[in-house]
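Below you'll find the structure, written out as structure tokens, and then a few comments.
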Amino acid sequence: MQRPNRSRVARRFRPLKEGRHEAAQFRRRALTGFLIIVACLMALSSRFRYLQVTQHDEFSARSEANRVLTRPLAPARGLIYDRNGVLLAENVAAFRLEVTPEQVKDMPALLARLGDIVPLGDDDIARFNALRKGKRSYQGVPLRLKLSEEEIAKFSINRWAFPGVEVVPYLTRSYPLGEEFAHTVGYVGRIDVDDQSRLDKGDYAGTTHIGKTGIERYYEDRLHGEVGYEKVEVNADHRPLRVLADRGAPVPGENLYLTIDAHLQEVAEAAFEGRAGAAVVIDPRNGEVLAMVSVPSFDPNPFVNGIGGADYAALLAAPDKPLLNRILRGGYAPGSTMKPFVGLGGLELGLRRPSDTVLSTGEFFIPGQSRAYRDDKRGGQGRVDLVQAIAQSVNTYFYSLALDMGIDRFSDVMSRFGFGKPTGIDLIGEGGGVLPSRAWKRARYNQTWYPGETVIAGIGQGYWVVTPLQLANAMAMVANRGVPHTPHLLLKTQNVHGTMQTPPAPAARASVIHKPDNWLPIEQGMIAVVDTGTARGIFNGFPYVVAGKTGTAERYSRKDETWTSISSSPIERHQVLFEAFAPAESARIAVIVALEAGRSGAHDAAPIVRKILDAWLPGDRESQGLPALPSVGASPLPAGDDPAPALDAAADTDTGVANEPEPTDPVIDPVPQNVTGDHP
């Protein structure tokens with residue numbers, strides 16, 4: 001019997017559909033789907049609310065930031081003029097290459113490719129990398145300054161290949177008189193990492209340069225101005241499209257007018273004829289510095305945009321040290337220029353009267369000692385009083401006086417004239433020199449003080465070191481009958497509205513000469529220097545009475561147990577100085593000239609002072625309504641007065657430090673036994 005096929009049976013008996021059950025199942029699934037959709041819509045709505053309502057301000061600002069940038073506007077730097085309006089520092093239009101780091105994916109590759117278009121030195125790249133560290137990624141960083149027209153054109157053609165690189169206009173600093181004012185006006189330079197650490201980033205946003213030396217650095221706050229801002233619309237590549245609004249225009253820095261007279265400065269520098277040294281000219285009535293010359297000098301313009309390493313190394317290695325500001329940092333042995341101050345100190349202390357005399361026999365001995373301290377003239381000058389001692393530069397008089405004063409009183413009196421400390425002029429980097437004292441030697445060498453060191457200090461030798469500015473400031477005090485004024489360079493300022501302002505005058509200070517009558521014999525002695533003494537003949541025909549004092553210091557180096565002159569040439573053997581003020585009875589100008597190599601103070605330094613006085617005082621007459629006088633050249637020394645090599649200090653001017661005495665010798669005499677003093 002055959003059984004039926006199971007598949008056929010299964011097809012014959014299919015289960016019946018339950019409509020209600022399927023409908024319920026559909027409803028459940030539809031509801032679940034609907035709830036899921038509702039939940040998603042609610043989540044989306046919540047997110048929309050969060051973005052559009054709760055975080056509206058933040059995301060709106062972010063969106064606006066992608067379209068609008070706030071760009072800083074650097075202020076124009078203030079200009080610098082001399083007292084007569086001669087321009088000393090100005091701003092000139094220039095273009096720089098600027099890179100925005102966030103728009104550059106591979107910076108080394110970009111710099112390499114960019115160098116084929118616009119020359120980039122190692123110094124440029126090093127400065128760029130240093131500046132990047134102090135800026136945000138969206139801020140432009142200067143890469144090359146002061147592009148030429150050819151470089152700008154070449155880059156513009158290839159601009160498409162360098163996203164994030166722009167040519168930006170700016171104002172750069174320029175010094176039209178170059179070397180003449182490099183040490184006084186100074187220069188600006190690129191802001192470096194050290195500058196960034198001490199600057200307010202907000203105040204210097206968009207600024208690339210800052211004062212580095214001189215007036216540019218000291219009065220940075222006045223010259224810089226206030227930064228401004230503007231809103232700029234940009235495209236997706238952050239390229240500016242249009243300016244939307246100003247948030248504050250930049251305020252230019254103040255213009256400065258200095259006390260310096262450019263013409264007098266030029267005359268003084270030309271008078272040096274390239275010889276190394278310094279000159280300072282001060283109005284003793286108010287402390288205004290009329291001229292400051294440091295020779296040799298350098299051109300400050302290459303420093304503005306970054307001087308090359310090779311050029312800078314050459315300046316550093318130059319044997320005549322053009323970067324050294326001899327006015328503030330030069331160390332000179334003052335020699336006989338100290339004698340008027342020492343003589344005045346003796347009068348102030350009551351140790352001498354003007355009529356007191358000292359016998360000059362050509363040698364001076366400390367009581368109980370056999371070592372002789374030589375005078376300038378063999379056999380001596382005979383009996384001399386204070387006026388004669390200053391006029392003829394008689395060492396014996398000042399040996400004796402310094403010994404009677406003692407080093408403690410000596411140092412105290414000399415400190416009244418500002419020796420041993422900075423003058424306080426409105427420049428950074430001033431040195432203090434060395435005022436010989438017991439405390440100084442103990443601190444410097446941990447040694448006791450000897451009487452022989454006091455003796456030679458009386459003629460400006462031994463440990464003495466002064467700067468030309470210190471000596472000029474001291475001479476200005478004497479010229480003003482002891483009334484001191486802090487030397488200064490700022491005469492007046494001019495703000496953005498053109499208003500002139502004069503800085504407040506410092507408080508009046510008491511005279512350093514406690515007994516006014518003591519000034520007269522010092523004046524008479526310094527007048528006699530010019531009339532009949534060591535500088536006779538230099539000021540023949542000059543319309544005013546001049547009071548002056550020469551100083552001549554032979555340059556020596558100590559080797560073993562002997563003194564060896566650095567140079568055998570009489571025109572290079574000495575360090576020479578001359579100080580003066582005029583008119584003697586009512587001084588309007590005080591001058592100090594120091595040369596690092598010369599024959600004598602009278603022969604080399606005094607003629608420079610004569611040219612300075614010729615350039616200034618005739619104009620001073622015109623300002624008073626008096627007829628102008630013809631310029632008179634420096635008179636040569638009278639026939640037969642060409643001085644033999646002379647000295648009145650022993651200092652190594654190559655180092656600017658006075659020669660050290662033998663540490664084991666209780667009687668110090670660093671002066672060679674055959675020549676001392678100060679010849680005409």
Side-chain angles (χ1 to χ4, degrees), residues 80 88 180-188 210-223 256 258-260 265 268 276-284 286-298 300 321-334 337-338 341 411 414-437 440 443-444 463-477 484-491 503 506 509 512 577 579 590-594 596 651 653 655-658:
I80 302 176
L88 307 180
E180 281 187 29
F181 289 90
H183 290 291
T184 302
V185 173
Y187 57 84
V188 300
I210 190 173
K212 296 289 186 178
T213 64
I215 289 291
E216 291 277 26
R217 179 175 178 182
Y218 191 90
Y219 288 108
E220 171 65 26
D221 291 343
R222 290 180 178 269
L223 291 165
L256 304 185
L258 306 185
T259 60
I260 296 287
Q265 181 93 356
V280 181
V281 185
I282 296 178
D283 187 336
N286 48 34
E288 293 180 0
V289 179
L290 304 176
M292 296 178 73
V293 173
S294 178
V295 180
S297 187
F298 63 97
K321 299 178 176 62
L323 294 179
L324 172 64
N325 188 338
R326 289 166 167 81
I327 304 161
L328 303 182
R329 305 291 298 177
Y332 293 82
T337 59
M338 284 294 102
F341 303 100
S411 301
M414 293 299 101
S415 68
R416 295 183 192 176
F417 298 98
F419 295 115
K421 55 189 175 184
T423 65
I425 193 171
D426 42 352
L427 289 173
I428 293 175
E430 182 184 3
V434 175
L435 171 61
S437 69
W440 176 86
R444 179 69 172 80
Y463 296 115
W464 267 110
V465 177
V466 300
T467 66
L469 181 60
Q470 280 181 321
L471 193 53
N473 182 50
M475 182 50 44
M477 290 187 205
H485 292 282
T486 301
H488 60 277
L489 289 162
L490 184 61
L491 182 64
R509 293 153 62 189
V512 299
L577 306 94
E579 59 189 5
V591 188
I592 168 67
V593 168
E596 293 178 7
T653 56
T655 61
V657 180

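Since we're looking at a predicted model, the values are computed, not measured. One is the number of the first residue; the rest follow in order along the sequence.
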Spell out, as yes or no, whether a donor-acceptor pair under 3.5 Å connects the side chain of [X] to the backbone of [Y].
{"X": "Gln265", "Y": "Ile260", "answer": "no"}
{"X": "Ser411", "Y": "Pro436", "answer": "yes"}
{"X": "Gln470", "Y": "Thr423", "answer": "no"}
{"X": "Glu579", "Y": "Ile592", "answer": "no"}
{"X": "Thr213", "Y": "Tyr187", "answer": "yes"}
{"X": "His488", "Y": "Thr486", "answer": "yes"}
{"X": "Thr337", "Y": "Pro334", "answer": "yes"}
{"X": "Thr259", "Y": "Leu491", "answer": "no"}

So which atom in [X] and which in [Y] form the shortest heavy-atom distance, rounded to 0.1 Å?
{"X": "Asn473", "Y": "His485", "value": "OD1-O, 3.5 Å"}
{"X": "Val293", "Y": "Ala268", "value": "CG2-CB, 3.7 Å"}
{"X": "Ser297", "Y": "His183", "value": "OG-CD2, 3.6 Å"}
{"X": "Ala182", "Y": "Phe298", "value": "CB-O, 3.2 Å"}
{"X": "Glu216", "Y": "Leu223", "value": "OE1-CD1, 3.4 Å"}
{"X": "Val185", "Y": "Leu258", "value": "CG2-CD1, 4.3 Å"}

**OP:** Could you list all the salt bridge (charged side-chain N to carboxylate O under 4.0 Å, His left out) pairs where at least one residue sits in residues 416-437, not counting sequence neighbours?
**Re:**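 Sorted pair list: Glu348-Arg416.
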Subject >> Summary of salt bridge (charged side-chain N to carboxylate O under 4.0 Å, His left out) pairs that have at least one residue in residues 324-333, sequence neighbours excluded >> reply: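 Residue pairs passing salt bridge (charged side-chain N to carboxylate O under 4.0 Å, His left out), neighbours aside: Arg326-Glu596.
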Original post:
Atom CG in Leu469, atom CD1 in Ile282: separation rounded to 0.5 Å?
Top reply: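 Answer for the CG-CD1 pair, Leu469 versus Ile282, is 6.0 Å.
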**OP:** Evaluate the criterion side chain to side chain contact (heavy atoms under 4.5 Å, CB included) for residue pair Val466 and Val434; output intermediate values, then yes/no.
**Re:** CA-CA 6 Å; Val466 300; Val434 175; over 6 Å; no
Quick one: does [X]'s side chain get under 4.5 Å of [Y]'s, heavy atoms only?
{"X": "Val188", "Y": "Ile210", "answer": "no"}
{"X": "Arg217", "Y": "Leu427", "answer": "no"}
{"X": "Val465", "Y": "Tyr332", "answer": "no"}
{"X": "Leu489", "Y": "Thr184", "answer": "yes"}

**OP:** Give a yes or no on whether the ring-centroid distance for Phe419 and Trp464 is below 6.0 angstrom.
**Re:**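 Yes: the rings meet the under 6.0 Å criterion.
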